[in-house]
Amino acid sequence: MNFAERMSRLGTESAFEVLARARALERQGKEIIHLEIGEPDFDTPAHIRDAAKRALDSGATHYGPAAGLPEVREAIAKDVGTTRNIPVTPEEIVVTPGAKPIMYFIITALVNPGDEVIYPNPGFPIYESVINFVGGVPVPIPLREESGFGFDLSVLERKASERTKLIIINSPQNPTGGVLELDQLGRIAEVAKRYRIPVLSDEIYKAFLYDGEFASITRFPGMEDLVIILDGFSKAYAMTGWRLGYGVMPPALAEHVTRLMVNSNSCTASFTQLAGIAALQGDQTPVAAMVAEFKRRRDLVVSGLNQLPGVSCRSPRGAFYVFPNVKGLKRPSAEIAETLLSEAGVAVLGGTAFGQYGEGYLRLSYANSEANLRKALAQMRPVCARLAGA
Ligand SMILES: Cc1ncc(COP(=O)(O)O)c(C=O)c1O
């Protein structure tokens, strides 16, 4: 079989590959602690599960409108309007199976071959993968440890031009846990307005902020018709397997994205969408409890990592990942990750799974039990000591 040339340009998300390798080791009888995959270890709150059951029993099992059920778009518009303090109408919302399709659809709808796209590096690998897939030119902006893994704004200001057709930002960020400060968001907004560049703002981790208030780039005047928000239910409501997300965008772009939905998924599952209303409008205490628990785990993991030979780790302000510096282990980060999996039984990701500027770092998800996190740190110690030559 001959494969289309474009398939050679499509990347992947290594977390799923490492998960598959870890599962294969488990089948051979090895015990593995999973710190590679980015999903809360909590169950979806009961009132959301109950709403889905009620929806199924009342017949929400059919096709629905491609852009989402009207009542769901309305509930999302209301929630986004409240959380970002901006006016939002249902015509600006497109509901998708998970938030990930929004990346694919927005890049497909806005980027022609040869167009430049600015995005964070290290960053979520799907951005770069889809930019390459559509024939765009990836323009990575390094996120540096010294500046708390914020955008290197001098690089952004130098690289942005009439050729830039999209800027992608992500705060709180995967994989570093970094958060863009208000002044950084303001400078990005200035660049976007100068060249009229749309900004895809990936806000999927907005609930996972451990100090300060969440700030969206939507707050800056003049950004109303330039921002596309990507958000969803996977992380905040522990609903990764439900596949429910959405984009908020100018209505003209929403029409194109809806057509992409018609051409790919037809629609998002109706009972899943109705459970989404319960998530947005129901009790928010499970979210707060989960975030409080993650903050405790973050502190535990950061402190434990800083005690390992050859490893240093900043305390990230958001998401549920840490991105420790492992340059003291004197090996490429992918090799360190491999050694930790095979020798320590701990699955983590090498920083280069998130782009070239991730070299020298690992990504660990602390969405795992405190007992497992302690065990993982203990099992990592002898391996780090050997690699560091300590
Ligand atoms: C930065 C970022 N954006 C978007 C997503 C996609 O979320 P979903 O599972 O809703 O497709 C993820 C998932 O890991 C993510 O890390």
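Just so you know, ligand 1 is whichever comes first in the structure, and atom 1 is the first atom listed for that ligand.
- Below 4.0 Å from some heavy atom of M103 lie the following atoms of ligand 1, by number and element: 3 (N), 4 (C).
- The shortest contact between atom 12 (C) of ligand 1 and any protein heavy atom is with F124 CZ, 3.7 Å.
- Under 4.0 angstrom from ligand 1, the non-hydrogen atoms of K235 all belong to its side chain.
- Under 4.0 Å from ligand 1, heavy atoms of A99 appear from its side chain as well as its backbone.
- In terms of polar-atom proximity, N170 is not counted as a contact of ligand 1, lacking any N or O under 3.5 Å from an N or O of the ligand.
- Residue R243 places at least one N or O, backbone or side chain, under 3.5 Å from an N or O of ligand 1.
- Polar contact check, Y127 against ligand 1: no nitrogen or oxygen pair lies under 3.5 Å apart.
- Residues I169 and L185 meet the side-chain proximity criterion, which asks for heavy atoms closer than 4.5 Å.
- Remark: R363 fails to qualify as a cation-pi partner of F323 under the 6.0 Å distance and 45° angle criteria applied to the six-membered ring.
- At least one side-chain heavy atom of P172 sits less than 4.5 Å from a side-chain heavy atom of F214.
- For the pair N170 (side chain) and D202 (backbone), a donor-acceptor distance under 3.5 Å is present.
- For F354 and Y127, the ring centers sit 6.0 Å or farther from each other.
- Here is the list of ligand 1 atoms found below 4.0 Å of a heavy atom in D202: 1 (C), 2 (C), 3 (N), 4 (C).
- Per-residue contacts place G98 under 4.0 angstrom from the following atoms of ligand 1 (heavy atoms of the residue considered): 10 (O), 11 (O).
- Close contacts of ligand 1 with S234, meaning ligand atoms under 4.0 Å from a residue heavy atom, involve 8 (P), 9 (O), 10 (O).
- Side chains of S171 and Q173: no donor on one and acceptor on the other come within 3.5 Å.
- Using a 4.0 Å cut-off between heavy atoms, F233 makes no contact with ligand 1 at all.
- Of the listed residues (R297, K235, R298), just one forms a side chain to side chain contact (heavy atoms under 4.5 Å, CB included) with F320, and that residue is K235.
- What sits closest to atom 6 (C) of ligand 1 on the protein, heavy atoms only, is K100 N, 4.0 Å.
- Heavy atoms of T240 come nearer than 4.0 angstrom to ligand 1 in no pair at all.
- Here L244 has no heavy atoms under 4.0 Å from ligand 1, in either its backbone or its side chain.
- No close placement of the Y366 and Y321 rings is indicated, their centers lying 6.0 Å or farther apart.
- Residues P45 and P286 approach most closely at CG-CB, 3.7 Å, considering heavy atoms.
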